[in-house]
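Chain naming here is simple, since letters A, B, ... match the order of the sequence lines and numbering starts at 1 in each.
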2 protein chains.
Amino acid sequence: MKIGDLVKQHGVSVDTIRFYEKQQLLTPSARSEGGYRLYSHADNQRLSFILRAKSVGFSLQQIRELLQIEDNKSQWQCSDVKDKVQHKMTEIAEQISELQRFYQALAQLDQACCGGSVSATECSILTALEQGQPVLAEQHIPKQECAKC
Amino acid sequence: MKIGDLVKQHGVSVDTIRFYEKQQLLTPSARSEGGYRLYSHADNQRLSFILRAKSVGFSLQQIRELLQIEDNKSQWQCSDVKDKVQHKMTEIAEQISELQRFYQALAQLDQACCGGSVSATECSILTALEQGQPVLAEQHIPKQECAKC
DNA sequence: ATAAACCCTTGAGCTAACTCCAGAGTCAAG
DNA sequence: CTTGACTCTGGAGTTAGCTCAAGGGTTTAT
Ligand SMILES: [Zn+2]
Ligand SMILES: [Zn+2]
Ligand SMILES: [Zn+2]
Ligand SMILES: [Zn+2]
């Protein structure tokens with residue numbers, strides 16, 4: 001199986017496969033006489049493994065670590081694998097938390113602004129960014145009666 | 001006010017300030033005879049604006065757009081500002097969604113594995129990544145009686 | 001035999017937001 | 001007047017995960 005056949009099956013680019021090889025993730029098990037990469041069924045499955053791990057958020061570095069386990073299963077324990085998964089879960093939970101903090105801060109800014117067709121000279125979003133005063137919920141101004149804007 | 005004074009007030013590095021200048025975010029309003037950057041009170045406030053916008057998740061590019069409005073408030077409307085905020089909220093919501101999908105997929109993998117001190121040869125996490133079969137909740141194996149691992 | 005389609009290697013470029021470095025000039029205190 | 005802290009410019013390097021381009025060699029179909 002040549003590289004072109006492989007990528008068609010998995011919907012990735014040729015460059016990506018060669019990049020994964022440089023990253024020590026997937027090395028073709030043989031080469032043709034002319035130097036073409038030849039992939040076995042096992043190679044094909046290894047790529048599936050990589051792509052599935054990617055699809056749940058693992059980085060290539062982390063996938064490399066998972067593959068080390070996969071390559072030598074008997075020398076590792078369930079706890080090793082589960083630890084990797086839980087560590088990733090923690091990482092992702094942290095990222096989600098930060099984004100949620102952003103989201104809530106933005107929602108407060110959003111609430112405070114009438115969003116009308118009215119000069120931004122006194123927009124409370126800009127004011128909040130200038131002065132850093134947290135925009136309190138009770139400072140919200142109803143749409144039809146925006147005093148500031 | 002020289003660059004060192006400015007960074008002490010805001011807790012950013014000198015390089016960051018010069019980088020922001022290259023990015024057209026913050027240009028010192030004057031230079032000393034020897035060529036030192038001199039920042040006015042307005043410059044100082046502008047940096048506050050930038051850092052607050054950053055703290056709610058805006059990219060430097062987006063901050064540049066916000067500053068265009070800030071610099072010419074009378075030519076813009078509340079709706080322009082609110083649109084930027086809402087657009088960012090949408091972006092962040094999308095990022096959160098993707099991370100949550102990752103998280104849920106990982107949680108399923110996590111559930112399926114006993115995490116014990118037992119060979120990984122039949123770890124259901126690895127199996128799932130190899131075969132891509134979604135790990136069903138009922139396949140979960142209680143900790144004390146992990147048949148596979 | 002020849003043309004199209006495929007593949008090879010090497011190395012550079014991309015995005016974002018810095019960070020660091022070399023080599024030189026400026027400023028303030030003692 | 002010298003020392004040390006500060007600042008300047010220009011350019012390169014960082015991380016992650018690709019993506020592209022140049023200049024060739026290989027395969028396969030007609
Ligand atoms: Zn407004
Ligand atoms: Zn308003
Ligand atoms: Zn397991
Ligand atoms: Zn188990």
Has A:T16 got a side-chain N or O lying under 4.0 Å from the OP1 or OP2 atom of D:dT19?
yes

Atom-pair distance (CD1 on B:I3; P on C:dG25), nearest Å:
20 Å

Please check the phosphate of D:dC18 (OP1 and OP2 only) for any side-chain N or O of A:K54 closer than 4.0 Å.
yes

When you match B:Y36 and A:Q61 each to their closest nucleotide on DNA chain D, which lands nearer the 5' end?
B:Y36

Distance check needed: C:dT26 C1' versus B:D5 CG, whole Å only.
15 Å

Taking the side chain as C-beta and beyond, is there a heavy-atom pair between A:H41 and A:M1 under 4.5 Å?
no

Starting at atom CD of B:E33, determine the distance to atom C1' of D:dC8, rounded to an integer number of angstrom.
16 Å

Nearest-nucleotide comparison on DNA chain C, the residue closer to the 5′ end among B:S13 and B:K2
B:S13

Tell me whether the count of non-hydrogen atoms from other residues, nucleotides or ligands lying under 6.0 Å of CD in A:Q24 goes above 12.
no

Would you indicate, yes or no, if C:dT9 has its OP1 or OP2 atom less than 4.0 angstrom from a side-chain nitrogen or oxygen of A:R37?
yes

Contact under 4.0 Å: A:Y20 side-chain N or O vs D:dG17 OP1/OP2
no

Between B:G35 and A:R31, name the one whose nearest nucleotide on DNA chain C is closer to the 5' end.
A:R31

A:R18 CZ - C:dG11 P separation (whole Å)
15 Å

In terms of side-chain heavy atoms, does A:E91 have a donor or acceptor partner in A:Q86 at a distance below 3.5 Å?
no

Side-chain contact, heavy-atom cut-off 4.5 Å: A:K88 with A:D83?
no

